[in-house]
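This report concerns only the one structure given below.
Numbering starts at 1 and runs along the sequence shown. Counting starts at 1 for both ligands and their atoms, in listed order. The shown structure was predicted, so the numbers you read here are calculated from the model rather than taken from an experiment.
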Amino acid sequence: MSEFSPVYGPVKSWRYGCSLGIDPIGRVSTCSFNCVYCQLGQIERSSLQRQTFVPTAAVVTELVPKLQKDLDVITVSGSGEPTLALNLGEIIIAVKEKTATPVVVLTNGSMLGLESVRWDLRLADEVSVKLDAVTPERVRRVNRPRFAWDWSVFWHNLLRWREQFGGTLTVQTMLLSIWSEAERQMYIDRLKELQPDRVYLNIPRRPKPLRRLLQGRENLTAVENSTWLKPLSIDYLETFARTIKEESQVPVSYAVALK
Ligand code: SF4
């Protein structure tokens, strides 16, 4: 495996433009989920335990030489669930001392019940929460939580976070198959309740490595020992995006090209 650095990229993101990545998790992929489409490959370590994986000083040392004028965002995600990093808040503060570039945290939301996590996340400019399903059954099949997962607890925590957070809250949804009409309506009703600032609809457009791959943090196009999930059509994505926008008034962006 290639040498680990907690700062990677910049990569071109269809959602955020030129994005420099920060990985507070480290060489061993660590998450509370094991999503079927995860670009990191199989998650190596399952955890709900916050700990310091990468020292904040190491992040800062690697960050400073990579700061450049044309960055649109600094994205904290990397090799797993970033809220598992005990020093997440410390990292965001340190980044903000070095640059005015907005900081986005991508999270699966599984840790939002912890006050310490909410305290750290409030420092970000944008928090983007994964919402790939609105039924426990689909969560089980798509996100494959490694721990007991209670949909109503997750939703309660997310609604509470919505009320508390002064920054931008977005929702990211990976669509793997055609949803039933009832499920689509349930999703729209949830968005009406949550009122996020934007929804990002996505479809699998990259290979899923069969084993852990550090480069999975970036924009993989081709890799050995990988599988491809068959993507839904852009037409389906467009139609769903239009319906969401009309019924919930929440702005929607969706991926149309491989970027
Ligand atoms: S939540 Fe993210 S890092 Fe964790 S398994 Fe899913 S896609 Fe991978």
Side-chain angles (χ1 to χ4, degrees), residues 1 4 6 8-9 11 13-16 19 21-51 53-54 75-85 88 91 104-114 117 120-121 124 126-134 136-151 153-155 157-158 161 169-177 200-220 223 226-229 231 255:
M1 195 184 288
F4 175 79
Y8 58 95
V11 297
S13 158
W14 66 271
R15 291 168 294 188
Y16 298 116
S19 162
I22 291 187
D23 182 352
I25 298 298
R27 182 172 284 286
V28 179
S29 62
T30 307
C31 194
S32 48
F33 284 0
N34 184 28
C35 301
V36 288
Y37 58 83
C38 183
Q39 275 181 229
L40 300 170
Q42 285 293 322
I43 292 297
E44 296 169 301
R45 177 170 49 197
S46 305
S47 180
L48 282 178
Q49 192 64 45
R50 300 194 86 196
Q51 64 181 92
F53 302 95
V54 179
T75 306
V76 186
S77 60
S79 295
E81 172 50 40
T83 61
L84 287 170
L88 174 64
I91 289 173
V104 179
V105 179
L106 308 181
T107 174
N108 65 22
S110 60
M111 306 287 286
L112 279 173
L114 286 185
V117 168
D120 287 352
L121 286 176
E126 176 176 332
V127 173
S128 194
V129 180
K130 186 181 293 299
L131 185 69
D132 292 339
V134 286
E137 169 56 19
R138 194 178 286 279
V139 170
R140 194 184 60 72
R141 276 189 285 124
V142 173
N143 302 120
R144 303 188 297 186
R146 290 281 182 84
F147 300 92
W149 175 261
D150 186 318
W151 169 264
V153 170
F154 162 74
W155 191 249
N157 289 338
L158 186 52
W161 170 244
L169 176 70
T170 56
V171 160
Q172 29 165 336
T173 298
M174 178 69 87
L175 292 168
L176 298 184
S177 60
Y200 293 111
L201 288 185
N202 207 354
I203 51 177
R205 296 161 305 127
R206 303 195 186 286
K208 176 187 165 75
L210 296 181
R211 284 195 294 275
R212 159 72 163 147
L213 195 68
L214 189 58
Q215 299 93 305
R217 303 181 302 182
E218 306 187 31
N219 290 347
L220 284 179
V223 59
S226 61
T227 55
W228 285 84
L229 296 173

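With a 4.0 Å cut-off on non-hydrogen atoms, I43 touches ligand 1 through its side chain and not its backbone.
Heavy-atom proximity to N108, at under 4.0 Å, picks out these atoms of ligand 1: 1 (S). Near N34, meaning under 4.0 Å from any of its heavy atoms, are these atoms of ligand 1: 5 (S).
Nearest non-hydrogen protein atom to atom 8 (Fe) of ligand 1 is C38 SG, 2.4 Å. Nearest protein heavy-atom neighbour of atom 2 (Fe) of ligand 1: K130 CE, 3.9 Å. The closest protein non-hydrogen atom to atom 4 (Fe) of ligand 1 is C31 SG, 2.4 Å.
The distance from atom 8 (Fe) of ligand 1 to the nearest N/O/S atom of C35 is not under 2.8 Å.
Side-chain contact annotation: E81 with T107, donor-acceptor N/O pair under 3.5 Å present. Between the side chains of S32 and S110, at least one donor N or O sits under 3.5 Å from an acceptor N or O. A side-chain donor from one of R138 and S177 sits under 3.5 Å from a side-chain acceptor of the other.
Under the side-chain hydrogen bond (donor to acceptor under 3.5 Å, both in side chains) test applied with D132, the options T173, N108, N143 reduce to a single match, N143.
Atoms CG and CD1, on L175 and I203 in that order, are 8.5 Å from each other to the nearest 0.5 Å.
The aromatic rings of W14 and Y200 sit perpendicular to each other, their planes meeting at more than 60°, with 30° as the lower class boundary.
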